[in-house]
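To start, the structure itself, in structure tokens.
Because the structure is a prediction, the values reported are computed rather than measured. All values below come from the heavy atoms of this structure, side chains included, with hydrogens, waters and symmetry mates left out.
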Amino acid sequence: MAVHGGLLRADTPGNGHVVDITEGVASVAATAGVDRGLVTVFATGSTVAVTTMEYEPGGVHDLQTLLDRLIPPSGSYEHNRRNHDTNAHAHLRAAVIGPSESIPLVGGALALGTWQQLVLIDFDDRPRTRTVTVQVLS
Ligand code: ZN
């Protein structure tokens with residue numbers, strides 16, 4: 001098995017900011033020069049997540065609104081109390097969505113739907129520089 005890969009970096013303002021990383025992942029995957037394989041995408045950090053969605057302003061707004069309702073920043077959290085921290089909601093949201101996705105590479109292209117983008121969501125409550133590791137297994 002061969003492994004090719006690369007890193008993506010994104011500066012974000014945090015607070016649920018959504019970044020479309022589809023093109024970046026596709027460009028790293030293309031450097032592998034393989035027809036079939038599996039592309040893994042992993043964001044480093046306990047307050048960041050990777051998922052797929054239809055990346056358009058309405059969908060982004062609805063997802064942010066849903067997460068605000070399910071896991072509000074102003075909730076009562078043990079993490080914040082014990083650690084004098086403020087971002088327990090960010091850790092919880094990241095844990096629920098997860099840090100990675102695996103996408104089949106078919107015919108040299110990511111097997112994503114037309115309305116399915118790969119996104120990074122930064123839940124921390126301050127600006128961050130995020131690193132995403134992309135690996136192609138073939
Ligand atoms: Zn924390």
Determine yes or no for a side-chain-to-main-chain donor-acceptor pair under 3.5 angstrom, with Glu101 supplying the side chain and Leu118 the backbone.
no
In short, Ala111 meets Val106 closest at the heavy-atom pair CB-CG2, 4.1 Å
With clusters defined by side-chain heavy atoms of hydrophobic residues (ILVMFWY) lying less than 4.5 Å apart, directly or transitively, does Ile21 cluster with Leu110?
yes
Rounded distance [0.5 Å steps], CG in Leu137 versus CE in Met1:
4.5 Å
Please report the shortest heavy-atom distance between Val34 and Ser138, naming the atom on each side.
CG1-OG, 3.6 Å
From Asp85 CG over to Glu78 CD, what is the distance, rounded to the nearest 0.5 angstrom?
13.0 Å
Can you find a pair of side-chain heavy atoms, one from Arg81 and one from Ser76, that are under 4.5 Å apart?
yes
Determine the minimum heavy-atom distance between Met53 and Val60, stating which atoms define it.
CE-N, 3.8 Å
Transitively linked via ILVMFWY side-chain contacts under 4.5 Å: Val96 with Leu70?
yes
For Glu23, I'd like to know if atom CD has over 12 heavy atoms of other residues, nucleotides or ligands within 6.0 Å.
no
Do Asp125 and Asn87 have side-chain N/O donor and acceptor atoms under 3.5 Å apart?
no
Locate the shortest heavy-atom distance separating Arg93 from Pro73; write the atom from each residue and the value.
NH2-CD, 3.5 Å
Check: Leu63 and Ile121 side chains under 4.5 Å, non-hydrogen atoms
yes
Going by atom types alone, do Gln117 and Thr22 pair a side-chain donor with an acceptor below 3.5 Å?
no
If hydrophobic clusters are built from ILVMFWY residues whose side chains come within less than 4.5 Å, do Leu8 and Val41 share one?
yes
Under a 4.5 Å cut-off applied to non-hydrogen side-chain atoms, are Ile97 and Leu67 in contact?
yes
Side-chain (Asp122) to main-chain (Asp124) donor-acceptor, under 3.5 angstrom
yes
Grab the two heavy atoms, one from Val39 and one from Ala29, that are nearest each other, plus how far apart they are.
CG2-CB, 4.1 Å
Flag yes if Leu92 and Leu66 sit in one hydrophobic cluster, no otherwise; membership is Ile, Leu, Val, Met, Phe, Trp, Tyr, and two members link when side-chain heavy atoms are under 4.5 Å apart.
yes
Is there side-chain contact between Arg128 and Thr47, with heavy atoms separated by less than 4.5 Å?
yes
When every non-hydrogen atom of Gly6 is compared with those of Val28, the smallest separation belongs to N-CG1, 3.5 Å
Do Phe123 and Tyr55 belong to the same hydrophobic cluster, where Ile, Leu, Val, Met, Phe, Trp and Tyr are linked whenever their side-chain heavy atoms lie under 4.5 Å apart, directly or via other members?
yes
Just wondering, do Thr40 and Ser102 contact through their side chains at under 4.5 Å, heavy atoms?
yes
Check the pair Arg126, Thr86 against side chain to side chain contact (heavy atoms under 4.5 Å, CB included), reporting the backbone distance first and the verdict last.
CA-CA 10 Å; Arg126 61 190 173 89; Thr86 56; over 6 Å; no
